[in-house]
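One structure is given below, encoded as structure tokens.
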Amino acid sequence: MSPEVISAPSRVDTSKAGRSHSRARAVRRRRAVVLLARVLLLVAVLGLWEALSRTGVIDPFNFSMPSKIWDQISTWVTHGTALGSLGEQIWVTLQEALLGWVIGVVAGVVFGIALGRIAFLADILGPYIKVLNSIPRIVLAPIFVIWFGLGPSSKVASAVVLVFFPVFFNAFQGAREVDRNLVANARILGASDRRVTLQVVIPSATSWIFTSLHVSFGFALIGAIVGEYIGATKGIGLLVAQSQGTFNAAGVYAAMVILAVVALVAEGLLTFAERRIFRWKPSDSGH
């Protein structure tokens with residue numbers, strides 16, 4: 001066999017490796033540019049805010065300024081709050097949000113899959129779910145405080161009702177969008193309804209469910225914060241209420257920054273878990 005024939009596959013492999021390396025380098029470069037643009041945008045917004053407040057273009061009493069917000073966070077971190085340490089307030093709110101999120105997710109998935117699989121049940125409960133979904137659920141928070149008191153239960157209940165519906169509708173749609181050929185093949189192989197649900201429907205609906213999880217944890221935090229704002233003994237929501245009551249705009253913004261950090265951390269953990277579970281899915285190299 002001639003040397004030209006032997007060396008041809010090597011040249012092809014080298015070319016493919018070069019293209020792959022170039023694509024990976026382009027992806028890394030794009031990510032770096034995006035990250036830099038995000039940082040520059042944040043710096044520009046904060047700098048403009050600080051400048052407008054210091055020059056009096058906007059009222060620093062009402063709008064505060066980034067430097068005062070940072071000072072407030074530093075004070076809470078080093079000296080604590082009037083309610084106790086800052087870590088304790090974050091942990092109380094996080095516990096309420098997490099518990100409400102877990103309960104809301106489990107209930108939403110169970111009811112969504114059940115109604116997506118059982119048309120008769122969906123026909124009966126569908127109108128009631130639509131009516132409940134049309135109610136502004138934030139207004140239920142005062143009712144939960146009356147029912148369950150100022151303890152964590154009322155905040156968990158507020159988080160549950162905010163989480164349930166987005167998870168339910170995604171799980172319901174995911175169950176309805178399952179490939180009918182997969183279901184038919186499973187039945188041909190002798191799978192029972194229970195096995196079809198557990199081994200075909202739920203795995204197929206998982207991507208739909210995970211999509212709702214990213215949004216729903218933010219809703220859980222909102223539910224816990226609103227409940228604490230209305231009535232509580234500890235928590236970030238109570239810090240917001242106290243800061244507002246004392247006209248401390250920096251305290252309100254500082255609490256919002258802390259909540260944003262908590263939400264971003266939770267989003268990162270969910271994204272990491274989703275990538276681990278859906279490793280088989282092709283990734284979008286452009287993001």
Side-chain angles (χ1 to χ4, degrees), residues 96-148 152-224 226-227 266-267 270-271 273-274 276-281:
E96 296 164 349
L98 279 173
L99 184 56
W101 182 70
V102 170
I103 295 174
V105 166
V106 172
V109 169
V110 171
F111 277 92
I113 296 295
L115 269 66
R117 292 283 296 141
I118 306 172
F120 181 71
L121 192 61
D123 292 339
I124 295 175
L125 298 180
Y128 296 103
I129 292 176
K130 290 179 181 178
V131 169
L132 292 175
N133 185 49
S134 66
I135 298 174
R137 290 178 287 282
I138 290 296
V139 303
L140 296 175
I143 298 176
F144 292 144
V145 171
I146 295 173
W147 287 355
F148 304 116
S153 299
S154 57
K155 289 71 181 173
V156 172
S158 298
V160 168
V161 297
L162 287 176
V163 169
F164 172 81
F165 287 97
V167 176
F168 166 81
F169 285 114
N170 271 44
F172 177 82
Q173 191 64 28
R176 287 291 181 92
E177 294 291 333
V178 175
D179 189 344
R180 301 302 173 189
N181 291 328
L182 290 177
V183 176
N185 290 338
R187 293 193 182 281
I188 291 173
L189 294 174
S192 62
D193 288 339
R194 178 174 172 273
R195 296 194 66 178
V196 168
T197 300
L198 293 177
Q199 298 181 6
V200 178
V201 176
I202 292 179
S204 297
T206 303
S207 59
W208 287 81
I209 295 169
F210 257 93
T211 300
S212 66
L213 297 188
H214 291 279
V215 179
S216 62
F217 187 78
F219 287 162
L221 277 175
I222 292 172
V226 170
E267 172 68 17
L270 283 172
T271 301
E274 184 177 14
R276 296 281 296 187
I277 292 173
F278 296 110
R279 284 178 294 182
W280 52 270
K281 293 179 66 175

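For the single chain, residues carry numbers from 1 onward in sequence order.
- Under the side chain to side chain contact (heavy atoms under 4.5 Å, CB included) criterion, V160 pairs with I103, V156, not counting sequence neighbours.
- Contact of the P136 side chain with the V139 side chain is registered, since non-hydrogen atoms from C-beta on lie closer than 4.5 Å.
- Across A122 and L115, no two heavy atoms sit closer than the pair CB-O, 3.4 Å.
- Legend: side chain to side chain donor-acceptor pair (under 3.5 Å) pairs involving residues 121-131, not counting sequence neighbours: none detected.
- Atom CG of L140 is separated from atom CD1 of I146 by 11.0 Å, given to the nearest 0.5 angstrom.
- Taking each heavy atom of V163 and A220 in turn, the nearest pair found is CG2-CB, 3.6 Å.
- Here the shortest heavy-atom pairing between F168 and I129 reads CZ-CD1, 3.4 Å.
- Residue G108 comes nearest to A171 through the heavy atom pair O-CB, 4.0 Å, listed as atom of the first residue, atom of the second, then distance.
- Every pair passing ring-ring contact (aromatic ring centres under 6.0 Å, His included) that includes a residue from residues 129-148 is listed here, sequence neighbours excluded: F144-W147.
- The side chain to side chain contact (heavy atoms under 4.5 Å, CB included) search around A114 returns L121, not counting sequence neighbours.
- Atom CZ of residue F217 and atom CG of residue L162 lie 13.0 Å apart, to the nearest 0.5 angstrom.
- Taking every heavy atom of both residues into account, S216 and W101 meet most closely at OG-NE1, 3.0 Å.
- Summarising the geometry, atom CZ belonging to F164 is positioned 8.0 Å from atom CZ belonging to F169; distances are rounded to the nearest 0.5 Å.
- Sorted by first and then second residue, the side chain to side chain donor-acceptor pair (under 3.5 Å) pairs involving residues 160-169 (not counting sequence neighbours) form an empty list.
- In this structure the side chain of F219 never reaches within 4.5 angstrom of the side chain of R137, judged on heavy atoms.
- Sorted by first then second residue, the side chain to side chain donor-acceptor pair (under 3.5 Å) pairs that include residues 152-164, not counting sequence neighbours, number zero.
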